[in-house]
Amino acid sequence: MDFKNIEKKWQDFWDNTKVFEAKTNGDKKPYYILVEFPYPSGSGLHVGHVRSYTAQDALARMKRMQGYNVLYPMGWDAFGSPAEQYAIKNHIHPKDAVKENIKTFKGQMKSLGFSFDWSREFSTTDPEYYKWTQWQFLQFYKHNMAYKATIPVNWCPTCKSVLSNEDAAGGVCERCGDSVVQKEKSQWMLKMSEYAEDLLTGLDDTNFAERVKLGQINWIGKSTGVELDVDIVGGGKFSVFTTCIETVYGITFFVIAPDGKLIKELMPRVENKEEVENYIKETAKKSNMDRTELNKGKTGVKIKGIKAINPINGKEVPIFLGDFVLGDYGTGAVMAVPTHDQRDFEYATEHNLEMIQVIDGASVEEKAFEKHDYLGKGCKLMNSAEFDGLTVEEAKPAITKKLVDLGIAREVNNYKMRDWIFSRQRFWGEPIPMIYCEKCGWVPMDEKDLPLLLPDVAEYEPTDNGESPLAKITDWVNTTCPKCHGAAKRETDTMPNWAGSSWYFLRFMDACNDKEFASMDAMKYWNRVDWYNGGMEHTARHLLYARFWVQFLYNIGLVPNKEMIWTRVSHGMVLGSNNEKMSKSKGNVINPDDIVNEYGADTLRIYEMFMGDYTSDAPWSTDSLKGCKRFLDKVVRLQSKLNDSDEFTSSLESIQHKTIKKVTNDLQTMAYNTAVSALMILTNAYEDAQSISKKDYELLLTLLNPIAPHVTEELNEQLGFKPICESTWPEYDEAKTIDKEITIGVQVNGKLRGSINIELDEAEDSVKEKALAEENVKKHTEGLQIIKVIVVKNKIVNIVVK
RNA sequence: GCCCAAGUGGCGGAACAGGUAGACGCACAGGACUUAAAAUCCUGCGGGCUUUAAAACCCGUGCCGGUUCAAGUCCGGCCUUGGGCACCA
């Protein structure tokens, strides 16, 4: 069979009949399946894309046949620096590069036969789309959720752009790999930290995979503790946050952040100004990653001339500057208890500071006795005045109460998650629709003037001074203030690439709407994303940003649910045949086009579903791929076994019902590899049969269709049936999946010694009799005393002898 | 350092809920068909041991212990690999 012609024929059929276009109405139950829309890179579709798109395509095709109104859309996440880098490198406008890449991607997707609803296609770079991204930013601004702040930020000197902490992981720029330095920069921020608690509790209204939920929980990083006010000798005060208030009597010093506000205030009173200032300068050169690196020496300087007072007992202790304390996390100051915190212990040892043990139970000579070692073990307090003798668990609330009653402490929740840095000094992003007027300050653009288009210019290379390329385009920058109509300037920063992807799934519900980002009716109809598939690498950032965005829209009444994504699952990567990540430099990249050309789309689809556990990484193997081609050929060859019967072959009934059950369940539990396996087993059974009927064949083709849609449609058409994509998914009879006669094992003392055939649910006595009569079992029980015989119904018999 | 996964034949992987470990496929080997090759079909395929052959037997799911009539699966303690976060106070 010529798979090339067949594939083209059916792809055209699907296009022309528009069978996969979802209508936002009707009697059928809606079902929304979403895969992360790709960033259309210059290197084309990756075999990794094929894995997840095929998986969700199989689910979509089955759900449609089961009578659901399935929405399975596709679009393009085309803003962001990768697109810009690509464009710069290849000397073409990002807009043209994106257009070109989208064309390639779309062609590749079509060649794989994905059942996307192309009528809802869009790119985040379409003005009709980013108009609404800008509009939503204005809502953030109008609801006091967006603000400008001058903060130390991660600066990539190579990309000339500020990166969020997320993007600067490991102290290197995620995009270019060069090291990141710290720089003060005025940035637009979104108040994401205000949503920390809601983002945490909202997880209860989702069906995310457990590991995905955990990823989010860890990212939000909630900790409950006490914020304690600390007075400074001679005036002034600061606060510290601690989760270990029980160690408060053990404080022997405080450490404050070199980049915080406090040290600036204290400066006039500092005796060793030069030393302190040098240390601040040194710190500014380091990234947060370097500063918080665990295995480096604990640097710091003592702030001479200033002491703090331990609020619980009035003890005066020194204050240090230490770069491991971050100015923008917590209160920018920490209390140090060297006996019960290893980091403090090392710091104290290095700077020769006092140590007071306050929790009994282990020696603190060599190392600190930390909370994970003393919590929950009934350890008691010591050197802690009236709290001596209380257990840690008793002391925690008691000390907290005393401090709270004194009005110098508060029970608080602290979150690791910070506000979202929303500006990028880049050309290829959504322009931020804000105008700066000398008189009025920052003024939002009038909503009816949106979209604010990116200017169509030739120069989009970054500037050296850290300004966005847009800053050079004076025609564009100079405008009038919407408020006072005086001369004003536009914001030249653009939005991060996370912006467009934070709400694209809402747009798919109503993609052509030019009055709203999506109508409430359409969103109510689709309700939410039922099934969202993406990579594990996006579970922290993209998914959190998207949930934050949705929760905000919900709070201002623009979306129907606080959580718009129900199930989130993640796929494993397709690795190179050497078990390493595919990359050009390693020369292990497989181009899906080559595979489609040589083996056909159906073979590639089957192979990627069969290659292993869908949620785990799996290495590429062209040999295994060939095996899947052989399987398909076998299915085609079954044509020669067709008989004239109009009925199912009765001898195949049991395996047919088993296969329907297995495939139906497996496709909705991501067990694609065992679904393929079950279909292979059914095919082998057909092959072994004398002959098969058209109905037998049709059943196999229907079950295989979600994974291999082209060849199955063709074979089915040749049988004279209507297209599979317009038919109904088969149902199984549970009774027919159960064998009446089964073989079970017989063990003697837990070791398998034989097996017996029994009837399903056969009486225990009868099974026992058969087991004891089995030849080899007899050999192992002869002359021994039978203590007991355990019969597990329909499973196993175990004879215990002595 | 913390958090999350995962370790099963030569390979990818099966094993629902503690109940016959290795489904399905790949690779390999032998055979059939063929002038030959490809394709296809048949047989074998964890290791050991024994045997003319078969059966039987012993070992075996990263390592060490434990619970149980029974452990890949549960518990305790390690080791290794992958991923995430990070002096988080």
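- Listed by chain and residue number, Asp666(A), Ala671(A) satisfy the side-chain contact (heavy atoms from CB on, under 4.5 Å) test with Thr669(A) (two or more places apart in sequence, or in another chain).
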All N/O donor-acceptor pairs, side-chain side in residues 782-802 of chain A, below 3.5 Å, sequence neighbours left out:
{"residue": "Asn794(A)", "atom": "OD1", "partner": "Asp761(A)", "partner atom": "N", "Å": "2.8"}
{"residue": "Asn794(A)", "atom": "ND2", "partner": "Asp761(A)", "partner atom": "OD1", "Å": "2.8"}
{"residue": "Asn798(A)", "atom": "OD1", "partner": "Gly750(A)", "partner atom": "N", "Å": "3.0"}

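- One interatomic measurement links the two molecules: CD1 of Ile796(A) to P of C16(B), which rounds to 14 Å at whole-angstrom precision.
- Rounded to whole Å, the separation between the C1' atoms of G19(B) and A70(B) comes to 7 Å.
- Using a cutoff of 4.0 Å between basic side-chain nitrogens and carboxylate oxygens, Glu36(A) and Arg568(A) are scored as salt-bridged.
- Note: Phe238(A) and Phe254(A) have perpendicular aromatic rings, judged against thresholds of 30 and 60 degrees for the angle between ring planes.
- Because its glycosidic torsion is within 90° of 0, G9(B) is reported here as syn.
- For Glu687(A) and Lys641(A), the salt-bridge test fails: no basic side-chain N is under 4.0 Å from an acidic carboxylate O.
- Residue order along RNA chain B, read from the 5' end via each residue's closest nucleotide, puts Gly754(A) first among Gly754(A) and Gly215(A).
- Between the P atom of C16(B) and the CD atom of Glu734(A) lies a distance of 17 Å, rounded to the nearest Å.
- Here the side chains of Val748(A) and Val777(A) are in contact, with some heavy-atom distance below 4.5 Å.
- Shown here are the side-chain contact (heavy atoms from CB on, under 4.5 Å) partners of Lys770(A), two or more places apart in sequence or in another chain: Ile756(A), Ile758(A), Glu762(A).
- Remark: Glu354(A) pairs with Lys315(A) by the salt bridge (Lys or Arg N to Asp or Glu O under 4.0 Å) rule, at least two apart or across chains.
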Which pairs, protein N/O on one side and nucleotides 7-14 of chain B N/O on the other, fall under 3.5 Å?
{"residue": "G12(B)", "atom": "O2'", "partner": "Met611(A)", "partner atom": "O", "Å": "2.3"}
{"residue": "G13(B)", "atom": "O3'", "partner": "Asn673(A)", "partner atom": "ND2", "Å": "3.3"}
{"residue": "A14(B)", "atom": "OP1", "partner": "Asn673(A)", "partner atom": "ND2", "Å": "3.0"}
{"residue": "A14(B)", "atom": "O5'", "partner": "Asn673(A)", "partner atom": "ND2", "Å": "3.4"}

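- Note: Phe253(A) and Phe320(A) have perpendicular aromatic rings, judged against thresholds of 30 and 60 degrees for the angle between ring planes.
- Across the C1' atoms, G1(B) and U8(B) are found 31 Å apart, a figure rounded to whole Å.
- Listed nucleotides G19(B), A89(B), A27(B) differ in distance to Asp623(A); the shortest reach to its side chain belongs to A27(B).
- A gap of 14 Å separates the P atoms of C64(B) and G72(B), to the nearest Å.
- Remark: the Ser223(A) side chain and the Asn414(A) side chain contain no N/O donor-acceptor pair separated by less than 3.5 Å.
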Report each atom pair, protein N/O against N/O of nucleotides 55-59 of chain B, whose distance is under 3.5 angstrom.
{"residue": "C57(B)", "atom": "OP1", "partner": "Arg753(A)", "partner atom": "NH1", "Å": "2.7"}
{"residue": "C57(B)", "atom": "OP1", "partner": "Asn776(A)", "partner atom": "ND2", "Å": "3.3"}
{"residue": "C57(B)", "atom": "OP1", "partner": "His780(A)", "partner atom": "NE2", "Å": "3.2"}
{"residue": "C58(B)", "atom": "OP1", "partner": "Arg753(A)", "partner atom": "NH2", "Å": "3.3"}
{"residue": "C58(B)", "atom": "OP2", "partner": "Arg753(A)", "partner atom": "NH1", "Å": "3.1"}
{"residue": "C59(B)", "atom": "OP2", "partner": "Lys751(A)", "partner atom": "NZ", "Å": "2.8"}

Taking Watson-Crick (N1-N3 plus N6-O4 or O6-N4) and G-U wobble (N1-O2, O6-N3), each under 3.5 Å, can you produce the dot-bracket string of RNA chain B? Use [ ] for crossing pairs and | for inter-strand ones. (((((((..(((......[....))).(((((.......))))).(((........)))..(((((..]....))))))))))))....

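- In this structure, the NZ atom of Lys416(A) is 12 Å from the C1' atom of G1(B), given to the nearest Å.
- Not a single side-chain contact (heavy atoms from CB on, under 4.5 Å) links Ser577(A) to another residue, sequence neighbours left out.
- The P atoms of G18(B) and U51(B) are separated by 43 Å, rounded to the nearest whole Å.
- One can place CG of Asn794(A) at 13 Å from P of U20(B), the figure rounded to the nearest angstrom.
- Contact annotation for Thr615(A): no contact, since no heavy-atom pair falls under 4.0 Å across all strands.
- Backbone-only engagement by Asn684(A) is indicated by non-hydrogen atom pairs under 4.0 Å involving sugar-phosphate atoms exclusively.
- Within 4.0 Å (heavy atoms only), Ser621(A) reaches no atom of the nucleic acid at all.
- Looking at residues two or more places apart in sequence or on another chain, you find a side-chain hydrogen bond (donor to acceptor under 3.5 Å, both in side chains) between Asp419(A) and Tyr147(A), Ser193(A).
- When all heavy atoms are compared, the tightest approach of Ala675(A) to Val663(A) is O-CG2, 4.0 Å.
- Heavy-atom distances to RNA chain B give each of Ile681(A) and Met335(A) a nearest nucleotide, and the one nearer the 5′ end belongs to Ile681(A).
- Counting to the nearest Å, the P atom of U40(B) and the NZ atom of Lys641(A) are 16 Å from each other.
- Using atom C1' as the reference point in both G9(B) and A21(B), the two lie 11 Å apart (nearest Å).
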Show each protein N/O and nucleotides 68-72 of chain B N/O combination with a separation under 3.5 Å, one pair to a line.
{"residue": "C69(B)", "atom": "O2'", "partner": "Asn798(A)", "partner atom": "ND2", "Å": "3.0"}
{"residue": "C69(B)", "atom": "O2", "partner": "Asn798(A)", "partner atom": "ND2", "Å": "2.6"}

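- Lys629(A) and Asp602(A) are not joined by a salt bridge, as no carboxylate oxygen comes within less than 4.0 angstrom of a charged side-chain nitrogen.
- Spacing of C1' atoms, G12(B) relative to G31(B), comes out at 27 Å, to the nearest Å.
- In summary, the aromatic rings of Tyr599(A) and Tyr607(A) are positioned with their centroids too far apart to meet the 6.0 Å limit.
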Dump every N/O contact between nucleotides 41-49 of chain B and the protein below 3.5 Å, one line per pair.
{"residue": "C41(B)", "atom": "OP1", "partner": "Glu687(A)", "partner atom": "OE2", "Å": "3.4"}

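- With rounding to whole Å, Leu632(A) atom CG is found 13 Å from U40(B) atom P.
- With rounding to whole Å, Tyr686(A) atom OH is found 17 Å from C24(B) atom C1'.
- Using C1' as the reference atom, U20(B) and A32(B) are 34 Å apart when rounded to the nearest Å.
- Here the separation of U34(B) from C49(B), taken at their P atoms, is 40 Å to the nearest Å.
- Scanning for side-chain hydrogen bond (donor to acceptor under 3.5 Å, both in side chains) contacts around Thr664(A) gives Trp729(A), with sequence neighbours left out.
- Here Glu608(A) does not pair with Arg51(A) in a salt bridge; the nearest charged N to carboxylate O distance is not below 4.0 Å.
- As judged by a 4.0 angstrom heavy-atom cut-off over every strand, Gly627(A) is placed among residues touching the sugar-phosphate backbone only.
- Regarding Ile606(A), its CD1 atom lies at a distance of 13 Å from the P atom of C26(B), rounded to whole Å.
- Between the Asp739(A) side chain and the Glu741(A) main chain, no donor and acceptor come within less than 3.5 Å of each other.
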